[in-house]
2 protein chains.
Amino acid sequence: MSTRPTIKTIAKDTGLSTATVSKALNGSPQVRPNTRDKVLEAAKKLGYEINLSGVQLRTGKTHQIAMITVISSPHDDEWSGVGYAQLVYGVSDVLHDTPYRVVQYQASSYEESFEIIRRIVANRKADGIILPGTRAQDERVEYMQLQEFPFVTYGMTTLAQPHAYVDTHNQRIVSICVERLIAKGHRRIAMLNADAVLMYSQARERAYCQSLEAASLPFDRELIANGELTPAFGREQFFEMSMFDAPPTAYFCANEATAMGVLSGFHVRGYEHGREAVVIATDDLNVSQYFSPPITTCYLPISKPSRVLGEFMLRLLNGEAPEKLQKLFVPDLIERSSDVSVIK
Amino acid sequence: MSTRPTIKTIAKDTGLSTATVSKALNGSPQVRPNTRDKVLEAAKKLGYEINLSGVQLRTGKTHQIAMITVISSPHDDEWSGVGYAQLVYGVSDVLHDTPYRVVQYQASSYEESFEIIRRIVANRKADGIILPGTRAQDERVEYMQLQEFPFVTYGMTTLAQPHAYVDTHNQRIVSICVERLIAKGHRRIAMLNADAVLMYSQARERAYCQSLEAASLPFDRELIANGELTPAFGREQFFEMSMFDAPPTAYFCANEATAMGVLSGFHVRGYEHGREAVVIATDDLNVSQYFSPPITTCYLPISKPSRVLGEFMLRLLNGEAPEKLQKLFVPDLIERSSDVSVIK
DNA sequence: ATCAAAAATATAAACGTTTAACTTAAGATG
DNA sequence: CATCTTAAGTTAAACGTTTATATTTTTGAT
């Protein structure tokens, strides 16, 4: 037995045809329970394990889930990609006991990611696509819809046709954080936000404006910064904004990396958290509890949306309708530090 | 042209046989340059792209590189897996222009990872394996060697038969850091190290002992802690060790997450960095520059070993000998904060 | 011009699986 | 009892490629 057993081996062993063996293994009702048992027994005895290449060639099913990541600038010194990375684990974990595997596809730009998606779809290189980082009118999403290719996004779009997605409740996050700050007397609240082309960045900006408006506070465009959410970005923006004539007294950061950067800026400039200004953030690793000082955050463990991403993908491949596969997560507010004690 | 072109399509188009088309596409010397051009032209015209399932079934080549990750406890609140995650990107980036893709295989224990590897090898589910987190006498490595399956580890082993690996120069890192601390007057240096079963953890402990010995300093087992390198671990260990009758004046952390935890402990206990104690660490994200205060680290951007991991894999698949594919990276010391100003 | 050798191409089988179409036997129907 | 239906299998083809072997074409020497 030098060579790996196939259904042919089982067929020979049981005296059945390969067709019956195949049907038995796939639980077809066309085969008697009796014979099915015989087949399964033989399979076990011989140590049979299905060869997915055969299946793939015959049926087109690849058992691969493509995970698209767009990392614009792979600079060494930055925290980029950490968020994505954690995403992979949740999905991968959910797929653990299925024949599906997560396959990495890395793009360096939106355009390239579109190109990659086109090739995956056209050549059926995967059975489904998971796409984080959506745009409002995302052409990639439109394309996959048009081609009727299964996909789940991490992030919503404003497209008319519904699709499967998972997202955090951005509007809620922002109103929780901003209204809290306003209630405590903050009038100039900086918002360090993601790249403006991203859907969630836009949603947050809108919510930010609404919260200000509801409190009859003026909107100052200068207090909004968009960029790649790294510590470097946070620190630089702090350096800039803190030099304003009327500098912000609060920095609302779109993730914990950015918050760390702002706190680093505090340290460099001799700021004390809660004296000149405060930092509040969205967090999905809960690493902000280890900052010095720990800061208040809206916390949603990345594993949650990540796992649902995987679950939705499986259900999609099982034939469920995309419009039934949509979920928004509402993070918890975790109060930690004196984010309200700014003397104003 | 509703269906995707195959070599058959090209054969029909050019009037050649599929065999010749196949050879032409693969650059076989058996085909005349003239005909090859004709084939390539037709392929381009028709938009032909090879179907890897066919290749896979015929040749056994899967074009998949399995990346094994062992995440023992997938707790939400922790920074675990971040290191692995970054590894994927470098590999994936190097494979970008090849037909190979990185496929995630996630295990929750050493035993399970072994099981997974056995299945990948036995059923040729991948063309090669990348294995981070080696043990000294790693049975998984032995197994892959025995089965002559291509693999690259991130981390060395003490096995007799050489294999392809990438690693940081642990001995050097430790001696750089520890000797620096000793030179500045530190006598009690805590070492927050990885799980003791891991090869690099052992290597570092050995180097630590050597450095102490060279300086005729006593070795105190209490100053060494092993565990999962998270901020939580760092903080807890700090809490414990700082209560010793003779507490450490320096904490040497095996990664930046642990260092962050120790600094968090400092903050909680009202320590000031450089007064009661200092922190020094190994870093591969260079995120420690944003700590408050920034700390001195031995820095090796994770992208470097990560990319070499991918390169070695490609060369291995190209037939190069494993013993030629070994590389140790020496990190740079980045001096940042007053890690020497402890009054002792 | 002829012929052998070399070069280029063709034929056909194989990889492991699924599935449409077919066969056979047994059971149901009247 | 003849006929129809159903259940449970079988046969054979197909998915797209590579490659061993066979065949044809070209080349170059005589």
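Just so it is clear: chains get the letters A, B, ... in the order the sequence lines come, proteins before strands, and each one is counted from 1.
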Practice prompt. Report yes if a side-chain nitrogen or oxygen of B:T35 is closer than 4.0 Å to either non-bridging phosphate oxygen (OP1 or OP2) of C:dA8; otherwise report no.
Written response: no
Worksheet item: CZ of B:R36 to NZ of B:K23: how many Å apart, nearest 0.5 Å?
Response: 12.5 Å
Worksheet item: In terms of ring plane angle, is the pair B:F114 and B:Y143 parallel, tilted or perpendicular, where the classes change at 30° and 60°?
Response: perpendicular
Fill in: Of all pairs that satisfy side chain to side chain donor-acceptor pair (under 3.5 Å), the ones with a partner from residues 309-326 of chain B, not counting sequence neighbours
B:R315-B:E320
Worksheet item: Along nucleotides 14-27 of chain C, 5' to 3', which nucleotides get a B, which get an S, and which get a -, given that the test is a protein heavy-atom distance under 4.0 Å?
Response: BBBBBB--------
Discussion item. Within the 3.5 Å criterion, strictly below it, is a donor on A:E139 or A:Y110 matched to an acceptor on the partner's side chain?
Written reply: yes
Item to complete: Would you indicate, yes or no, if D:dA7 has its OP1 or OP2 atom less than 4.0 angstrom from a side-chain nitrogen or oxygen of A:R32?
Response: no
Fill in: Residues A:S17 and A:T20: side-chain donor-acceptor under 3.5 angstrom
yes
